[in-house]
Amino acid sequence: MRTSEYILATLKETPSDAEIISHQLMLRAGMIRKLASGLYTWLPNGLKVLRKVESIVREEMNKAGAIEMLMPIIQPADLWQESGRWEQFGPELLRINDRHNRPFALGPTHEEVITEFVRKEINSYKQLPLNLYQIQTKVRDEVRPRFGVMRAREFTMKDAYSFHLSEECLDNTYKKMHQAYCNVFERLGLDYRPVIADTGSIGGSVSHEFHVLAESGEDAIAFSSGSDYAANIEKAEAVAPSIERPAPSKELNTFDTPDAKTIDDLKTKHGVKAHRSVKTLIAYGAPDENEKRGLVALIVRGDHELNELKAEKLDLLDSPLEFASEDDIVKAIGAKPGSLGPVGLDIPVIVDHSASVMADFVAGANKDGVHYSGINFGRDVTEFTTADIRNVVEGDPSPCGNGTLSIKRGIEVGHIFQLGTKYSEAMNAGVLAETGKNQIMTMGCYGIGVSRIVAAAIEQNHDKFGIKWPTALAPFELAIVPMNMHKSHRIPEIAERIYSELQAAGIDVLFDDRKERPGVMFNDMELVGIPHTLVIGERNLDNNQVEYKNRITGDKELIDLDEVVALLKQKVK
RNA sequence: CGGCGAUUAGCGCAGCUUGGUAGCGCACUUGGUUUGGGUCCAAGGGGUCGCAGGUUCAAAUCCUGCAUCGCCGACCA
């Protein structure tokens, strides 16, 4: 490709609405342009990279025994009603009506459509197991699109669905797909980790996420120092302390705290250490038979954070978790948030394991502007249950039993689930088993965020000049940069010759034939992130040489003209 | 969904306080100059100042509403 016939579309300045580095560089390197919030046009530079990710994913899926197909983006609402997700999915499901006013959804994922297809098409256990996938545009009306294509409203996803007769068979395919995912991220040259994950709105039992490690990641992941254990923080178990609760040594006393509404206020204004106090959070309980919701108190140590996911899974609490309004709190307890505590509450109290072993601690007195000190469980608070309801923190013991946890940030680029029969049951997808009886199929599903990988790869591979593509992803393999070609006879001649020879050798070359100054060309090629560059200039041609530069290592070397093609074929490989 | 902020040329921004015929840099066009790391000079093209209403002799500027975009929060105890 010649730049004069291409649309390089590089920008000198960073558009002001781009926050993270990958978003900035994707705009500057001419990969994407924003159409509206969370909606992006892919320009040639971006699309070439996207296609490379796709083809690696496709190859590994095929190798793992999955079969490619393609399903519609527009899906009839009745399928979603059948699975129960028309209501459950919420406003993220973008809904439209057709001209006959019939309701449809724009597919955020395809469990319903694939299950509908398989239940009609597959009749016998002899046709199982089956693993089907597609690479396709997904639509999710995100609450808050951000970070460019990282969290977009329209994005490219590879989604696979497997169908089985037994759990063992599902587990077998699940393991194969787990390995295929590892292969994909290895080949992409990314620093990634598989982690234990929650199943979220997709449902199912066993689940792993694949995270690319990066500071800008939206998820926190807990790693064990003593084993392979890694889990999304929302799923990482906080191990209950093995120590006994110390006996009370202080009397229960009140003190005035009109100025203290937060744990931080208690610390700075009253000298109470965070880990010597508790937070009391009030949420709505599960609805009773009359659909009425009471309140439930959740107690965690002052320096800990509530894990909403763990909390909402408790039977006492409503799901999804919803914090009580200030009005409801005042009505039921008689004090405002900021002065709440576990003493004398007549609503159910759930205490986190770590908080439950505290003695002589501080909390609100359920009277505005007053706190208690010297609170002790058993003596001052008698009715309560304990549970794991907090986020793990750095240094907690690992649930695997070995080592301690450390916490890093990650970008979720893949997620695999053992769904079981959630969809096949709801949609009555069965086959005739060997027994001659109908049997509901067991399902797995497997997603990779193809467009998100592009951004995640940039987060991990850049410097102050621009993107440093791993060879597997670069939009071009090699750039030819001639110095002041228009001033010379032999430079265009040699550049053209090398260009066509490299193309004939199967190398994807960008030939910068613009009438630009050298600095402009160098900067553009580095910004776009082309891994190999050939600089052709009068200076070295006098010795029948051209200069080779490597974007990743920064190495430069002079190459004899008659060795150029052979040497570059080697380097690009 | 809540809070904050922004919206002026393709991009980055100034002008708004104190109302008076819209500017800078980059990019673009033309000519010249320069040429191994974003040359320099000159001339030019490009804007219903997000939209709607109001105040005023006069609105980018003041007021009201709306829209779009972004950030933060959704852990508040």
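Each chain gets a letter, A, B and so on, in the order its sequence line appears, and its residues count up from 1.
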Trace of the ring-ring contact (aromatic ring centres under 6.0 Å, His included) decision for F511(A) with Y6(A): CA-CA 10 Å; F511(A) 177 16; Y6(A) 191 63; over 10 Å; no

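- Salt bridge R151(A)/E218(A): present, at least one basic N to carboxylate O contact under 4.0 Å.
- Taking atom CZ of R153(A) as the reference point, atom C1' of C69(B) lies 11 Å away to the nearest angstrom.
- Contact of E547(A) with G36(B) (side chain to base): a donor-acceptor pair of N or O atoms is detected under 3.5 Å.
- For the P atoms, the distance linking A27(B) with U7(B) amounts to 24 Å, nearest Å.
- Applying the 4.0 Å criterion to OP1 and OP2 of C13(B), one finds that S16(A) has a side-chain N or O inside that range.
- With both ends at atom P, the span from G45(B) to C4(B) equals 44 Å, rounded to whole Å.
- Taking the C1' atom of each, C49(B) and U21(B) are spaced 13 Å apart, rounded to whole Å.
- Taking atom CZ of R146(A) as the reference point, atom P of C72(B) lies 7 Å away to the nearest angstrom.
- Between D360(A) and R379(A) there is no salt bridge, since no side-chain nitrogen of the basic residue lies less than 4.0 Å from a carboxylate oxygen of the acidic one.
- For G37(B), its base sits under 3.5 Å from the side chain of K549(A) at one donor and acceptor pair at least.
- Contact check, R144(A) against C72(B): a side-chain N or O comes under 4.0 Å of OP1 or OP2.
- For the pair D17(A) CG and A6(B) P, the computed distance is 16 Å after rounding to whole Å.
- In this structure, G537(A) reaches the bases: a heavy-atom distance under 4.0 Å links it to at least one base atom across the strands shown.
- For E305(A), the side-chain atoms get nearest to C75(B) when compared with the rest of C75(B), C72(B), U35(B).
- Of the candidates G37(B), C72(B), G12(B), the closest approach to any side-chain atom of P15(A) belongs to G12(B).
- Between the C1' atoms of A60(B) and G15(B), the separation comes to 8 Å (whole Å).
- With hydrogens and angles ignored, no donor-acceptor pair under 3.5 angstrom links the side chain of N484(A) to the base of G36(B).
- Counting only distance, with no hydrogens or angles, the side chain of D265(A) and the backbone of T262(A) share a donor-acceptor pair below 3.5 Å.
- With C1' as the reference atom, U30(B) and U68(B) are 38 Å apart, rounded to whole Å.
- Residue side chain E13(A) does not reach the base of G38(B) through any donor-acceptor N/O pair under 3.5 Å, judged by distance alone.
- Comparing the same atom, C1', in G38(B) and in C26(B) gives a spacing of 11 Å after rounding to whole Å.
- Within the structure, a side-chain polar atom (N or O) of R517(A) is placed less than 4.0 Å from OP1 or OP2 of U39(B).
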Steps toward side chain to side chain donor-acceptor pair (under 3.5 Å) verdict (N253(A), S373(A)): CA-CA 5 Å; N253(A) 275 311; S373(A) 64; 4.9 Å; no

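- Of the candidate nucleotides C75(B), U35(B), C71(B), C75(B) has the atom nearest to the side chain of L306(A).
- Look at S37(A) and you'll find a side-chain N or O under 4.0 angstrom from OP1 or OP2 of G70(B).
- The local environment of CZ in F465(A) is sparse, with at most 12 non-hydrogen atoms from other residues, nucleotides or ligands closer than 6.0 Å.
- Ring planes of Y40(A) and H23(A): perpendicular class, angle over 60° (limits at 30 and 60°).
- With rounding to whole Å, K515(A) atom NZ is found 9 Å from G32(B) atom P.
- Nucleotides A9(B) and A14(B), compared at atom P, are 12 Å apart to the nearest Å.
- With rounding to whole Å, M521(A) atom CE is found 18 Å from U34(B) atom P.
- A sub-4.0 Å separation between OP1 or OP2 of C69(B) and a side-chain N or O of K34(A) is absent.
- The gap from the P atom of U61(B) to that of A6(B) amounts to 15 Å, rounded to the nearest Å.
- Taking every side-chain heavy atom of M483(A) into account, G36(B) is the closest of G37(B), G70(B), G36(B).
- Taking the side chain of R28(A) as heavy atoms from C-beta on, and the options G38(B), U39(B), C26(B), the nearest nucleotide is G38(B).
- Here V535(A) lies in heavy-atom contact (under 4.0 Å) with a base.
- Nucleic acid contact for R390(A): none, since no nucleic acid atom lies under 4.0 Å from a heavy atom of the residue.
- Distance from the side chain of V143(A) is smallest for A74(B) among the nucleotides G37(B), C75(B), A74(B).
- Closest approach to the L340(A) side chain among G37(B), A77(B), C72(B) is made by A77(B) (side chain taken as heavy atoms from C-beta onward).
- With C71(B), U35(B), G38(B) as the candidates, the nucleotide lying closest to the side chain of H486(A) is U35(B).
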